[in-house]
Structures are given as C-alpha cells and as structure tokens.
Amino acid sequence: MKRKIALLMALLCLTIVFLPGCKEDKGQSSSRRDTQKTADKMEETTGLKTVSILVDLADGMAEEITKTLNKVPGFGEDFIYQIEVLPPLFQKQDRDNIMTRVRTEIMAGKGPDLFLCSHRLYGYDAGSDDMPFFKFPIQAMSNRIFLPLDDYIEKAEGIDWDSMQPVVMEAGRNQEGQQIVPLSYTFETAIFDGSYTPEAKFPMTWQQMTEDPDPNIRAASNGHMYNIIGTLADYSKDAPAFTEEELLGWVTKHYDTWQTVPEENRDVHHILMDQGYLSDYAEDISLGGKEEYTMIPLCNISGGVTASITTFAAINRNARYPDEAFKVIEYLLDPEVQQTSTLFQFCTQGLPVYTGTGNSDTSSGSRWQMNEANYKAVTEIQEMINVANFPGPVDASVWGVMWYDEEERKKSAHEQYVLIEMLLAES
C-alpha cells in the first residue's frame, strides 16, 4: 500500500512538472533543474525506473500527450516518466533558458533519455525566429548525440518498418544506422475540383511545371522555395547544396512564372497534408466526405516531391534507460496508435509515417479518414517523395528571400545565401 501511495504521489508530481506555468518543487526554476537529479528523486520515491522525456511538439498539450504515453506497455509497473515540455514559442525567454540548460546537460553526457520533437513549417506557422530544439538533426546524428537503433528495430516484433514511408524514414539514418525515428511528415500540393484532370503526368521537374501549357499546373508550381529546391544542404561539407546564382535564378523563375498565370487561375489552394484534411489559410477541405479532389503536387527541381518531417523521436546516446525509452518509440510506431492516439491527432502536424493512413481500414475514430478517390490521390503523391527534410534555419533563410522587386530580390538572395553559409558552418 505504501508503494502504491508513493507511486500515486510521484505521478501527481509529474503532472505538476509537466503543466506549463506551474511552480517547481521547492521554488526550483525549470531553467535550473537538473534532468537526471530530478529523475533520481522520483526513483527514490517510487522504486521504479524513471524515463526522462523532453517534449517539444507542435501543440504540447499535457493532457493529450500523457493520455498516449501512459498506455505504453510497462508504464506504471516497470517504469514511470519524468516529462519536461518546452514552453511555446511565444514564451521565448523561458524557452531559450530551458533549451540552453538541456543542451548543456547533453554536452556533459547527461540529459533526457528520450526526445519527442517537432519541426514547424516556415511560411505557415513558423517565422524566421522560430527554431526547433535540434536546429540540425542531421548534424546531431553526426555529433553522436543520438543512440543507433538498428538492433532495437530488428528485435522489435511490433514494428513493421516496411509499412512506413521509406524516404521519410531514411532521413533519420546515417552510416551508424537509424538514429532518428520520424513520426509525422507533410508535403505541399495544390487541390482542384475532381472534375478537372490535367493532361500532364506526374512527377515532373519544377522547371517543367513552370513551363507547362496548363495554367493550373503553372499555378501549382507557386509553392515554397525550400520545397522546390528539395535538398538544401550538403552536411558532409557544412555548405549549401546550391549556389547563390542558382538560388537567384530559381526565385526569379518563381516570380516570372506567376506572372504568366491568368487571374482566373490564381485562386488555387496551396495546401499541406494535415490531420484528416487539407488546409490553407482560407478554409479546411475534408478528405473524408463525398467530395473527390484532384491534387497537383509541388514538384522539386530533381523531379519528385519534398517531404517535411514535422515530428520525430530519438534516444539520447547517454540515456540511462534506453530499453524503456525504445518501448515508447515502438508504441508510437503502431499503425493504430498513429491513426487514433491523442498525441498524433492533437499534438503533431502532418500525416503519420504509416503509409496506410486514411485507407478503408482506418478506424472510425481517426481524423485521417479519406474516401477512396482522395486516399488514392494522396498515396500517389506519397510515392513521388524523393527528398525528406527536417525544417530548420536553412528553410527559414530560403523562405526569407524576397521575390517581387528585382533589386530587392538580388539583395535578399545574397544576404540569405551568406546567412545559410554561416549557419551551416556553425552547425
């Protein structure tokens, strides 16, 4: 009975630490808390292993996150959690202070056991100053921050890796193996009434889209430049994957193409795949109703579609409890969890990495329900993905290039390119 009471008190304390705005125990500020020492205290109280988790999700709602994580097999019996949620972007000082403290812990060989992180989309819900906890996840892999997971994945009977979007999952792998596990992603497309069928076949290159005689296809080419470029950085050289001249040329072509689109074709919805609907600033378009849509993807310069990874999980290479941390990842890769859990439905952006999301077997409780025609259209675009990126400072810099005025275009292309070079050199 004493053990049950101790466990209950620990879980109550967990909720207090977890909820934004609540006071810390003994007046300790979150920016000065030590992750592992706090976990040690919880272990002394409960007698259970305490898995520390850093959460930085698109919508870090405590109740929705805990509803999902508390269902992981073994929770409350073999282990519990110490969960720390980064403050939202508008609480910049508090957020920066905590990020600095946790990054310092990681560099000292400590820090959280598990990371659940999101990457916001520049030009949609993130500005140039909005930065994720890991600005360059690819470099974090090279810097040996994350634990290689191939052995765990191979032994996990509950993971069907082949059912996940392959290019997206591959983005979390380097020469040491899989270190980052993408959980959700999105891509950019334009949507039209189902009565319209383009004559052109996809995928094509972005340049071909800009020169197509169909004005709807030219209008659909008017997407975000970072998705058009696709591969943004050569991380082996810590340098951009393109030249300043190429960047200026693409931005100029972007602007010039838009001038060729008739006014009546300009009212096109440029949207992102999200939770059960396609959305832009104007309206939400349901994919699960009776309406059938035609989708024209934004193709990149290499002739495919760029995916943006919006949520991922990774285990700290210095984790005290990597086995228990992986149980969380294994649970989150379950197709049913991806399509129905509160964490995926309310705390992440984009589609789950399970490629069957939205098919006829999708649970009635899922926000990703689609009719057969719309599911087919989404699946066809998924199969065109040839690049997957973690949005970050380079995306923000490319997004920041002005395109309307020729003089301003040249100036901003130069300034943003120099900034990209600097950011990558410091990564």
Going by the rule side-chain contact (heavy atoms from CB on, under 4.5 Å), which residues pair with [X] if we only count those two or more places apart in sequence or in a different chain?
X	result
Val167	Gln165, Ile385, Ala388
Lys201	none
Lys71	Tyr331
Ser184	Thr310, Thr311, Thr348

Pair [X] + [Y], salt bridge at N-O below 4.0 Å:
X	Y	value
Lys49	Glu324	yes
Lys253	Glu246	no
Arg320	Asp40	yes
Arg95	Asp56	yes

Can you tell if the side chain of [X] reaches within under 4.5 Å of the side chain of [Y], non-hydrogen atoms only?
X	Y	value
Phe115	Ile106	yes
Leu333	Val353	yes
Glu84	Ile98	yes
Ser360	Glu372	no
Thr231	Phe242	no
Asn359	Met370	no
Ile53	Pro112	no
Tyr196	Asn216	yes

(message) Could you work out, with salt bridge (Lys or Arg N to Asp or Glu O under 4.0 Å) as the rule, every residue matching Glu330, not counting sequence neighbours?
(response) none
(request) Using salt bridge (Lys or Arg N to Asp or Glu O under 4.0 Å) as the criterion, list what pairs up with Lys135, not counting sequence neighbours. (result) none
(message) For the residue pair Asp395 / Asn389, report whether a side-chain donor-acceptor contact shorter than 3.5 Å exists.
(response) no
(request) Ignoring hydrogens and angles, state whether a donor on the side chain of Thr294 or Asp193 is under 3.5 Å from an acceptor on the partner side chain. (result) no
Classify the ring geometry of [X] against [Y]: parallel below 30°, tilted from 30° to 60°, perpendicular beyond 60°.
X	Y	value
Phe79	Phe75	perpendicular
Tyr404	Tyr255	perpendicular
His254	Trp403	tilted

Would you give the length of the straight line joining atom [atom1] of [X] to atom [atom2] of [Y], rounded to the nearest 0.5 angstrom?
X	Y	atom1	atom2	result
Leu116	Leu343	CG	CG	7.0 Å
Leu232	Tyr235	CG	OH	7.0 Å
Asn318	Leu147	CG	CG	9.5 Å
Leu121	Trp399	CG	CH2	11.5 Å
Ile65	Asn70	CD1	CG	11.0 Å
Thr50	Ile80	OG1	CD1	4.0 Å

Do you know which two heavy atoms are closest between [X] and [Y], and how far apart they sit?
X	Y	answer
Val387	Ser302	CG2-OG, 4.5 Å
Trp250	Met225	O-CE, 3.6 Å
Ser397	Leu423	OG-CD1, 3.6 Å

If we ignore hydrogens and angles and just use 3.5 Å, is the side chain of [X] paired with the main-chain N or O of [Y] as donor and acceptor?
X	Y	answer
Asn371	Glu291	yes
Thr186	Ser308	no
Gln178	Met169	yes
Gln345	Cys347	no
Tyr122	Asp130	yes
Ser341	Gln338	no
Asp94	Pro87	no
Arg103	Phe133	yes
Ser52	Gln82	no
Ser412	Met402	yes

(request) For residues 104-119, pull every pair meeting salt bridge (charged side-chain N to carboxylate O under 4.0 Å, His left out), keeping only residues two or more places apart or in separate chains. (result) Asp34-Lys110, Arg101-Glu105
(request) Write out all pairs satisfying salt bridge (charged side-chain N to carboxylate O under 4.0 Å, His left out) with one or both partners inside residues 375-387, taking only residues at least two apart or from two chains. (result)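 Residue pairs with at least one partner in residues 375-387: Lys376-Glu380.
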(message) Using side-chain hydrogen bond (donor to acceptor under 3.5 Å, both in side chains), reason through Thr210 and Arg218 one step at a time and then give a plain yes or no.
(response) CA-CA 5 Å; Thr210 65; Arg218 298 200 303 278; over 6 Å; no
Identify every side-chain donor-acceptor pair in residues 153-161 under 3.5 Å, counting partners at least two apart or on other chains, and give the distances.
{"unit_1": "Asp160", "atom_1": "OD1", "unit_2": "Asp162", "atom_2": "N", "d": "3.4"}

(request) Please lay out, stage by stage, how Gln369 and Tyr375 fare under the test side-chain hydrogen bond (donor to acceptor under 3.5 Å, both in side chains). (result) CA-CA 9 Å; Gln369 285 185 302; Tyr375 173 72; over 6 Å; no
(message) Counting only heavy atoms not in Gln93 (residues, nucleotides, ligands), do more than 12 fall under 6.0 Å from its CD?
(response)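 No.
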(request) Give the intermediate values and the outcome of ring-ring contact (aromatic ring centres under 6.0 Å, His included) for residues Phe344 and Tyr354. (result) CA-CA 12 Å; Phe344 276 94; Tyr354 171 59; over 10 Å; no
(message) Just to verify, what does Thr379 make a side chain to side chain donor-acceptor pair (under 3.5 Å) with, not counting sequence neighbours?
(response) none
(request) Provide the full list of side chain to side chain donor-acceptor pair (under 3.5 Å) pairs with a residue in residues 141-152, sequence neighbours left out, each pair given once. (result)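 For residues 141-152, and leaving out neighbouring residues, the side chain to side chain donor-acceptor pair (under 3.5 Å) pairs sorted by first residue read Arg144-Glu176, Asp150-Arg173, Tyr152-Asp323.
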(message) As a quick check of understanding, evaluate side-chain hydrogen bond (donor to acceptor under 3.5 Å, both in side chains) for Asn300 and Asn227, giving each step before the final call.
(response) CA-CA 6 Å; Asn300 54 43; Asn227 286 330; over 6 Å; no
(message) Applying ring-ring contact (aromatic ring centres under 6.0 Å, His included) as the test, list every pair that has at least one member in residues 300-323; sequence neighbours left out.
(response)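 Found His119-Phe312, Phe312-Phe390.
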